[in-house]
Undergrad: 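My questions will all concern the structure given below.
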Amino acid sequence: MPEFSSVSILKSSANALEHWYERNKRNMPWRLTKEPYKIWLSEIILQQTRVEQGLPYYLAFLETFPTVHDLAKAEEDTVLRVWQGLGYYNRARNLHKTAKIISKEHKGVFPVTYDSLLLLPGIGPYTAAAISSICYEEEVPVIDGNVQRLISRHFLVEERIDSGAGSKALRSIAESWIQGRTPSRFNQAMMELGALICSPKSPSCETCPLNETCLALREDKVFKLPKKKAKKAVRERHLIYHVHRFKGKTLLVKRGTDDVWAGLYEWPSEECNATAQKKIKKAFAKKQQFEIKHILSHQHIHALFILHLEALPKKVEGGQEVGWNSLDDYPMSRLMTRFLELYLL
DNA sequence: AACTCGGGGGT
DNA sequence: ACCCCAGAGTT
């Protein structure tokens with residue numbers, strides 16, 4: 001830790017941080033409770049997800065599954081259907097797994113400590129720290145993207161934060177900083193400041209409660225931090241979807257768990273390269289087609305949907321006949337719902 | 001340590 | 001286009 005971070009500086013900056021938080025925090029429904037079920041639910045939903053995007057899902061989950069037992073009793077497809085559109089679908093599958101463990105093995109009572117929470121599916125270092133500090137005031141710092149950025153700037157951590165040394169440095173500082181604070185308030189204050197003031201592209205250093213002690217601001221390095229490794233190129237994928245529709249029926253398959261959209265339903269598809277896709281497009285020129293380019297953070301998917309209005313094929317691997325009018329019951333990726341919007345327009 | 005896993009919004 | 005978001009699991 002830099003020599004600058006004397007105990008008195010840590011204490012005064014933490015005071016300023018928490019004071020700012022109490023005056024500027026957004027009112028969000030999960031801040032009105034300390035029930036571990038609700039805090040857990042909010043933390044899983046908000047992983048890699050903006051508050052504005054996750055909020056309606058949080059409300060929908062509590063409406064559909066008021067208790068951890070309701071969630072545990074549900075079918076996985078039902079859970080995925082409520083999760084539909086949020087992405088990272090293994091989060092939903094792990095959410096369901098942990099609900100079953102809590103409901104059955106723990107009789108509905110959540111573990112209390114950081115170490116015991118860490119054992120549950122879908123709960124990693126961040127989420128274990130969030131639940132144990134917010135619900136039970138365990139003195140362990142949360143380190144999410146907001147906190148990484150805030151600490152690397154305020155304490156001038158110039159190592160790459162996605163390296164072992166970088167994350168160790170951040171954790172060491174955070175553990176010192178949280179000493180003697182109220183963990184639930186201090187942790188949420190760090191995240192809130194990172195989200196509202198110490199933002200990636202346009203930080204509001206003029207109004208930041210920590211601008212007197214921020215080392216990056218003092219050395220004019222705010223926009224250089226945090227440092228990360230460059231990302232690798234995105235994968236280009238080409239998919240053909242065969243949408244059969246005949247006498248009110250269609251044919252769906254359930255995706256596996258070793259690729260995107262784990263456990264979601266979609267029309268039978270084949271993957272190919274760009275030139276093969278062009279040939280198939282010509283071969284089915286007489287049928288109605290829809291082309292959609294779907295952008296994921298790590299894949300660019302070029303999808304071609306071909307509509308088949310004759311009798312459904314019988315020998316599709318894992319295919320199941322589904323009423324066209326009950327498509328809404330099946331969890332589907334955003335790409336599938338985009339197709340439906342285009343087709344039914 | 002490197003890879004993979006979504007979708008949406010800001011810049 | 002590129003970056004990031006209340007990260008975690010797998011290899």
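Letters go in sequence order (proteins before strands), and every chain restarts at 1.
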Undergrad: Taking atom C1' in both C:dG9 and B:dG8, what distance in whole Å separates the two?
TA: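 Result for the C1' pair: 23 Å, nearest Å.
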
Undergrad: Tell me which residues in residues 327-345 of chain A lie within less than 4.0 Å of DNA chain B, going by non-hydrogen atoms.
TA: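 The stretch gives A:Ser333, A:Arg334 as the residues lying under 4.0 Å from the strand, ordered by number.
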
Undergrad: Please determine which of A:Phe284, A:Phe339, A:Tyr241, A:Phe305 meets the ring-ring contact (aromatic ring centres under 6.0 Å, His included) test together with A:Phe290.
TA: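 Between A:Phe290 and the candidates, ring-ring contact (aromatic ring centres under 6.0 Å, His included) is satisfied uniquely by A:Phe339.
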
Undergrad: Rounded to whole angstrom units, what separation is found between the NZ atom of A:Lys97 and the C1' atom of C:dT10?
TA: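 Going from NZ in A:Lys97 over to C1' in C:dT10 covers 12 Å.
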
Undergrad: Need two values: the first and the last nucleotide of DNA chain B, 5' to 3', having an atom under 4.0 Å from any heavy-atom of chain A.
TA: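 It runs B:dA1 to B:dT11.
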
Undergrad: Taking the nucleotide of DNA chain C with the nearest heavy atom to each, does A:Lys293 or A:Leu118 sit closer to the 5' end?
TA: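 Whichever sits nearer the 5' end wins; that is A:Lys293.
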
Undergrad: Which value, in whole Å, describes the distance between the C1' atoms of nucleotides B:dG7 and C:dT10?
TA: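 About 22 Å, rounded to a whole number of Å.
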
Undergrad: Over all strands shown, is A:Asp259 touching base, sugar-phosphate only, or nothing at heavy-atom distances under 4.0 angstrom?
TA: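 Since only primed, P, OP1 and OP2 atoms lie under 4.0 Å of A:Asp259, the category is sugar-phosphate.
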
Undergrad: Where do N or O atoms of nucleotides 4-7 of chain C meet protein N or O atoms at under 3.5 Å, pair by pair?
TA:
| unit_1 | atom_1 | unit_2 | atom_2 | d |
| --- | --- | --- | --- | --- |
| C:dC4 | O2 | A:Arg50 | NH2 | 3.1 |
| C:dC5 | OP1 | A:Arg149 | NH1 | 2.4 |
| C:dA6 | OP2 | A:Asn146 | OD1 | 3.0 |
| C:dA6 | OP2 | A:Asn146 | ND2 | 2.9 |
| C:dA6 | O5' | A:Asn146 | ND2 | 3.2 |
| C:dA6 | O4' | A:Asp144 | OD2 | 3.0 |
| C:dA6 | N9 | A:Tyr126 | OH | 3.3 |
| C:dA6 | N6 | A:Trp30 | NE1 | 2.8 |
| C:dA6 | N6 | A:Arg31 | NH2 | 3.4 |
| C:dA6 | N1 | A:Arg31 | NH2 | 3.1 |
| C:dG7 | OP1 | A:Gly145 | N | 3.1 |
| C:dG7 | OP2 | A:Gln48 | N | 2.9 |
| C:dG7 | O5' | A:Gln48 | N | 3.4 |

Undergrad: With DNA chain B as reference, determine whether A:Leu86 or A:Ser163 sits nearer its 5' end, using the nearest nucleotide of each.
TA: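 Here A:Ser163 is the residue nearer the 5' end.
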
Undergrad: What nucleic acid atoms does A:Gly54 come within less than 4.0 Å of, heavy atoms only: base, sugar-phosphate, or nothing?
TA: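 Counting heavy atoms under 4.0 Å across all strands, no contact is made by A:Gly54.
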
Undergrad: Check residues 189-198 of chain A and write down every donor-acceptor pair under 3.5 Å in which the side-chain atom is one partner and the other belongs to a residue at least two apart or another chain.
TA:
| unit_1 | atom_1 | unit_2 | atom_2 | d |
| --- | --- | --- | --- | --- |
| A:Glu192 | OE1 | A:Arg26 | NE | 3.4 |
| A:Glu192 | OE1 | A:Arg26 | NH2 | 2.8 |
| A:Glu192 | OE1 | A:Arg31 | NH2 | 3.2 |
| A:Glu192 | OE2 | A:Arg26 | N | 2.9 |
| A:Glu192 | OE2 | A:Arg26 | NE | 3.0 |
| A:Glu192 | OE2 | A:Arg31 | NH1 | 3.2 |

Undergrad: Using a strict cut-off of less than 4.0 Å between a Lys/Arg side-chain nitrogen and an Asp/Glu carboxylate oxygen, indicate whether A:Lys287 and A:Glu310 qualify as a salt bridge.
TA: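 So A:Lys287 pairs with A:Glu310 through a salt bridge.
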
Undergrad: Identify whether the distance between the nearest side-chain nitrogen and carboxylate oxygen of A:Glu236 and A:Lys293 falls below 4.0 Å.
TA: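 No, this pair does not count.
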
Undergrad: Salt bridge or not for A:Lys168 and A:Glu159, using N-O below 4.0 Å?
TA: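 Here A:Lys168 does not pair with A:Glu159 in a salt bridge, since their nearest N and O are not under 4.0 Å apart.
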
Undergrad: Mind calculating the distance between CG (A:Asp162) and P (C:dC3) to the nearest angstrom?
TA: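 Rounding to the nearest Å, CG of A:Asp162 and P of C:dC3 are 13 Å apart.
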
Undergrad: Can you confirm whether the side chains of A:Glu270 and A:His242 place a donor and an acceptor under 3.5 Å from each other?
TA: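 A pair is found: one side chain offers a donor N or O, the other an acceptor, under 3.5 Å apart.
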
Undergrad: Any salt bridge between A:Glu137 and A:Arg181, counting N to O under 4.0 Å?
TA: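 Here A:Glu137 does not pair with A:Arg181 in a salt bridge, since their nearest N and O are not under 4.0 Å apart.
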
Undergrad: To the nearest Å, give me how far apart CG (A:Leu119) and C1' (C:dG9) are.
TA: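 A:Leu119 atom CG is separated from C:dG9 atom C1' by 15 Å.
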
Undergrad: State which residues pass side-chain contact (heavy atoms from CB on, under 4.5 Å) with A:Ile101; sequence neighbours excluded, sorted by chain then number.
TA: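 A:Glu105, A:His106, A:Leu120, A:Pro121.
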
Undergrad: Between A:Ser202 and A:Arg235, who's closer to the 5' end of DNA chain B by nearest nucleotide?
TA: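 Here A:Arg235 is the residue nearer the 5' end.
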
Undergrad: Under the 3.5 angstrom rule, does the side chain of A:Thr33 hit a backbone N or O of A:Trp30 as a donor-acceptor pair?
TA: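 Checking the backbone N and O of A:Trp30 against the side chain of A:Thr33, no donor-acceptor pair under 3.5 Å is found.
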
Undergrad: So, does A:Glu266 use its side chain to make a donor-acceptor pair with the main chain of A:Arg255 at under 3.5 Å?
TA: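 No.
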
Undergrad: Using the P atom as the point on both nucleotides, what is the distance between B:dC3 and C:dA6, in whole Å?
TA: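 Their P atoms lie roughly 25 Å apart.
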
Undergrad: What distance do A:Leu118 atom CG and A:Tyr126 atom OH have between them, rounded to the nearest 0.5 Å?
TA: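 Here the rounded value is 14.0 Å.
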
Undergrad: Any chance the rings of A:His154 and A:Trp177 have centres within less than 6.0 Å?
TA: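 For A:His154 and A:Trp177, the ring centres are under 6.0 Å apart.
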
Undergrad: Going by an N to O cut-off under 4.0 Å, is there a salt bridge joining A:Glu75 and A:Arg81?
TA: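 Salt bridge: no.
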
Undergrad: Where each pair must be Watson-Crick or G-U wobble with both distances under 3.5 Å, what dot-bracket representation of DNA chain B is obtained, with crossing pairs in [ ] and other-strand partners as |?
TA: |||||.|||||

Undergrad: Whether the side chain of A:Asp144 engages the backbone of A:Val147 through a donor-acceptor N/O pair (distance < 3.5 Å, no angle test) should be reported.
TA: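 Yes, the answer is positive, given that a donor and an acceptor are paired below the 3.5 Å cut-off.
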
